[in-house]
Amino acid sequence: MHEVGLVDGIVEAVQRRAGERRVAGFRVRIGTLHRAHQGPMDQALELVAADTNLEGAVMELVQIPVTMTCRSCATVETSEDVSAVCTACGSTDIDHAGGDELTLESVEYAAAAEPVASAAG
Ligand SMILES: [Zn+2]
C-alpha cells in the first residue's frame, strides 16, 4: 500500500502549515505518476491522520497529467502515463514534463468551536 507513504508525507506538510490548528480539509496537486487514487488515498489518510489534528479531514486530490512534447513534430499532449511514442508521428524523441508533482495547494481549518469539546473531563 504505497499510498500510506505518500499520505504520510502530505500529512506532514499539512501539519507544518497548520501547526496545532484543527484541519477540516486540504487540497493536494498530485501527478498521475504517483498512482494516487482517491479511494485508497482516503483509506491511507484515515490510518495516518488517526488521533491527530487532521482526523476526519477531507483530502481533495487534483490529478496532474504528464505533458509530452514531441521533438520531431512539436505535438504537445497530456497523458496519465509516460508514453514512449508520439501519437501524431510515431517518434520516440519525446520530452516528458510533470506528472510527478506533489504540492500542498491549500488547507482549510475547522471552526474554533469544536463539537467534540463537550465531552466531560
Ligand atoms: Zn511527433
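By convention here, the first residue in the shown sequence is residue 1. Read the numbers this way: they start at 1 and go in the same order the structure lists the ligands and their atoms. Note that this is a predicted model, so its numbers are computed, not measured.
Of all heavy-atom pairs between Ala44 and Val7, the closest is CB-CG2, 3.6 Å.
Gln38 contributes a side-chain N or O that, together with a main-chain N or O of Met59, makes up a donor-acceptor pair within less than 3.5 Å.
Only protein N, O or S atoms were considered, and those under 2.8 Å from the Zn ion (ligand 1) are Cys70 SG, Cys73 SG, Cys86 SG, Cys89 SG.
Under 3.5 Å, the side chains of Glu20 and Asn53 contain no donor-acceptor pair of N or O atoms.
With a 4.5 Å cut-off on side-chain heavy atoms, Ile30 and Glu101 do not count as touching. At a threshold of 4.5 Å between non-hydrogen side-chain atoms, the residues Phe26 and Val58 do not count as touching.
Taking a 4.5 Å side-chain heavy-atom cut-off between Ile, Leu, Val, Met, Phe, Trp and Tyr, the cluster of Val62 extends to Ile64.
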